[in-house]
Amino acid sequence: MELTELERQRAEKLERLRALGIEPYPHRVKRTHTIAEAIAALEQAAPGGEDGPHAAIVGRIKSMRVMGKVTFAHIEDGSGSIQLFLRVQDMGEESYEIFKQNFDLGDFVAAEGKLMRTRTGERSLLVERVSMLAKSISPLPVIKEKEVDGKLVRYTHFSDVEERYRQRYADLACNPEVREVFRIRARTLAALRRFLDQHGFMEVETPILQPVYGGAAARPFITHHNQLHQDLYLRIAFELYLKRLLVGMYERVYEIGRDFRNEGVSHKHNPEFTQLEFYAAYWDYNEVMNFCEHMLAWVAEEVTGSPIIRYQGHEIDLRPPWRRVTLRDIIMEVTGIDYLQYPSAAELASVMKSKGLAAKTGASWGYLIDKGLLGEVEPRLIQPTFVLDYPRDISPLAKSKPGDPSHVERFEYFIGGMEMGNAFTELNDPFDQEQRFLEMGKLYAPDDEEVHPMDEDYLRAMKYGMPPNGGLGLGVDRLVMLLADKSNIREVILFPHLRAKD
RNA sequence: GGGCCGUUAGCUCAGUACGGCAGAGCAGGGGCCUUUUAAGCCCAGGGCCGCAGGUUCGAGUCCUGCACGGCCCA
């Protein structure tokens, strides 16, 4: 192990402790109170002097002020932080010196003594014994902060974005507000599960390694099973497996898990991300819409205390009903283009260019609408909005709109300028479904990311009879971004993907 | 993929306009200090200036390429 000078100094302290017969990484810990419990115990005790309740607490040393024969330090555990008050008169000369010479910021320690208040009134532990629980060799970035008018002012910090992501452990250790983001994430996941469970949905787990990928338009990661001599794909969606379960007579199922898409990385995209999908037999997309807006308003309230949230300076009201607008109308509203007037890719691309909009050459008609025109619309949809009725060509798993064969019953929904998810009245006619797969094959080149490959087993399932149903996908990371008020997906993923250095 | 910006001590940053001994604060080391909380005071340390080339008597600084990251655009 290569050590920096600072690390060598700490390693020497570790050896000094060992030489004194003190194990710097002991097996067992004595703890009578968490720090929060210790503070509560002190609050309950009769005030006065240095004779408060006895407590054995543990934590990581966050600050230290050595003043000769007296030292103040703050330690932090998972519940909070408290000041340690160490005096040579209480600890004895030898123990006090061992502490002073060998204990550093970042060390995990155990401290035992009496809870009390210092002259300035700060809740403290008057330490009788202190011991090492785990020596920290690498110095954590030091955080110096102070409360000014009730606001926390930070003088030094750990803020290098790249290093924060590459060494998330250090980020979390130094930055309590980052720890809070992932508590919001955990509460969001728990709230989603609670809501779905309460509404009769069953959580299931379907394959991540799939012989045929499907359910979305995306490039997959490919892997290989050695024993089976078979290429497998990491799933890009759960859709086709969840709908097989409706054939199997479950009426409401959902899955929360990881999808993998072999695509670019951006502030809204990570190659692996957390998806929620649910399917409900006998629902159409109107019922899905209704459920969706109630679910997200409820989850927001559970997580943040209110269905009205603040996101990047916007106040966003998640209470139902959300705005409903057709794809055609919202595109006309924003770009002035009625895509139905331009039924070929060439015509549509030409009018888009005439309006100064980028149109990728060689892109299909559906791609131009979805990525081109809708891309213009997306950042403007700050308040929750359902965008309804998508072209059939780009929606091979959705049921057609009655009386309008060119469109399907599909919606995407947007909040805070981000696409949050996608939903349909699911196609359950096996002949129609087969036809859609075949059309896909004709309209697109085989390696086109828009292609949904034919899934024979899915068709076989559907031939047994699939109840009419509605389903929805939700980008969970993006929901957490909303609820934690973060503009970058990496801020809500513990270990986001970064390019390897060298 | 393109444009712009960044990369200097463990951390946060100066230094780059106009090339001339590598800087500060915090952290760490030695000393003083028995109620501090950004503790204070004194002393002495700490560098592959992202990497590789080039220009130059001389490059952290100028030029080229590369790596990683950020922001914006596609």
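Quick caveat, the model's predicted, so the values are computed rather than measured. Protein chains get the first letters and strands the later ones, always in sequence-line order, with residue 1 at the start of each.
Within 4.0 Å of A:Arg164, counting heavy atoms only, lies no atom of the nucleic acid at all. Heavy atoms of A:Leu140 sit nowhere under 4.0 angstrom from any nucleic acid atom. Residue-level contact check: A:Tyr155 touches the bases, meaning some heavy atom is under 4.0 Å from a base atom. When heavy atoms are screened at a 4.0 angstrom cut-off, A:Ile143 is found touching no nucleic acid atom at all. Among the heavy atoms of the strands, none lies under 4.0 Å from A:Arg8. Heavy atoms of A:Asp90 sit nowhere under 4.0 angstrom from any nucleic acid atom.
Atom-to-atom, CG of A:Leu152 to P of B:A38 comes out at 11 Å; the value is rounded to the nearest Å. Taking atom CD of A:Glu5 as the reference point, atom C1' of B:A9 lies 10 Å away to the nearest angstrom. Following rounding to the nearest Å, A:His497 (NE2) and B:G70 (C1') show an atom-to-atom distance of 16 Å. When the P atom of B:G10 is taken as reference, atom CZ of A:Phe158 falls 13 Å away, rounded to whole Å. A:Lys371 places its NZ atom 18 Å from the C1' atom of B:C73, with the value rounded to the nearest Å. Between A:Gln167 atom CD and B:C11 atom C1' the separation is 11 Å, expressed in whole Å.
Taking the C1' atoms as reference points, B:G47 lies 26 Å from B:A38, given to the whole Å. Here the separation of B:G70 from B:A52, taken at their C1' atoms, is 24 Å to the nearest Å. Rounded to whole Å, the P atom of B:G60 lies 8 Å from the corresponding atom of B:C49. Nucleotides B:C51 and B:C42, compared at atom C1', are 41 Å apart to the nearest Å. Nucleotides B:C48 and B:G31, compared at atom P, are 28 Å apart to the nearest Å. Nucleotides B:G19 and B:G25 are separated by 28 Å at their P atoms, to the nearest Å. Between B:G46 and B:G30, the distance separating the two P atoms is 16 Å to the nearest Å. Comparing the P positions of B:A24 and B:C43 gives an interatomic distance of 13 Å, to the nearest angstrom.
In this structure, B:C66 and B:G50 make a Watson-Crick or G-U wobble pair, each of the two defining distances being under 3.5 angstrom. With a cut-off of 3.5 Å on both Watson-Crick or G-U wobble distances, the partner of B:C32 is given as B:G40. Of the nucleotides present, B:C13 is the one that pairs with B:G23 by Watson-Crick or G-U wobble criteria, both distances under 3.5 Å.
Among the nucleotides B:G69, B:C26, B:C13, the one closest to any side-chain atom of A:Lys144 is B:C26. Residue A:Val142 has its side chain nearest to B:C26 when only B:G69, B:C26, B:C11 are considered.
Put simply, the side chain of A:Arg60 does not reach to within 4.5 Å of the side chain of A:Asp77, judged on heavy atoms.
Aromatic ring centres of A:Phe85 and A:Phe72: separated by under 6.0 Å. Ring centroid separation for the pair A:Tyr339 and A:Trp365 comes in under the 6.0 Å cut-off.
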Query - Working for salt bridge (Lys or Arg N to Asp or Glu O under 4.0 Å), residues A:Arg87 and A:Glu128 - result: CA-CA 8 Å; A:Arg87 299 188 300 201; A:Glu128 290 156 10; over 6 Å; no

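For the pair A:Glu412 (side chain) and A:Phe386 (backbone), a donor-acceptor distance under 3.5 Å is absent.
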Pairwise N/O distances under 3.5 Å, protein to nucleotides 29-37 of chain B:
unit_1: B:G29; atom_1: OP1; unit_2: A:Lys13; atom_2: NZ; d: 2.5
unit_1: B:C33; atom_1: N3; unit_2: A:Gly68; atom_2: N; d: 3.0
unit_1: B:C33; atom_1: N4; unit_2: A:Gly68; atom_2: N; d: 3.3
unit_1: B:U34; atom_1: OP2; unit_2: A:Lys69; atom_2: N; d: 3.4
unit_1: B:U34; atom_1: O2; unit_2: A:Gln89; atom_2: OE1; d: 3.3
unit_1: B:U34; atom_1: N3; unit_2: A:Gln89; atom_2: OE1; d: 3.1
unit_1: B:U35; atom_1: O2; unit_2: A:Arg119; atom_2: N; d: 2.9
unit_1: B:U35; atom_1: O4; unit_2: A:Glu50; atom_2: OE2; d: 3.4
unit_1: B:U36; atom_1: O2'; unit_2: A:Arg65; atom_2: NE; d: 3.3
unit_1: B:U36; atom_1: O2; unit_2: A:Arg65; atom_2: NE; d: 2.8
unit_1: B:U36; atom_1: O2; unit_2: A:Arg65; atom_2: NH2; d: 2.9
unit_1: B:U36; atom_1: O2; unit_2: A:Gln83; atom_2: OE1; d: 3.3
unit_1: B:U36; atom_1: N3; unit_2: A:Gln83; atom_2: OE1; d: 2.9
unit_1: B:U36; atom_1: N3; unit_2: A:Gln83; atom_2: NE2; d: 3.2
unit_1: B:U36; atom_1: O4; unit_2: A:Gln83; atom_2: NE2; d: 3.1
unit_1: B:U36; atom_1: O4; unit_2: A:Thr118; atom_2: OG1; d: 2.7
unit_1: B:U36; atom_1: O4; unit_2: A:Thr120; atom_2: OG1; d: 3.3
unit_1: B:U37; atom_1: O4'; unit_2: A:Arg65; atom_2: NE; d: 3.0
unit_1: B:U37; atom_1: O2; unit_2: A:Glu122; atom_2: OE1; d: 3.0
unit_1: B:U37; atom_1: N3; unit_2: A:Glu122; atom_2: OE1; d: 2.5
unit_1: B:U37; atom_1: O4; unit_2: A:Thr120; atom_2: OG1; d: 2.3

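Between A:Leu3 and A:Ala11 the shortest heavy-atom distance is CD1-CB, 4.1 Å.
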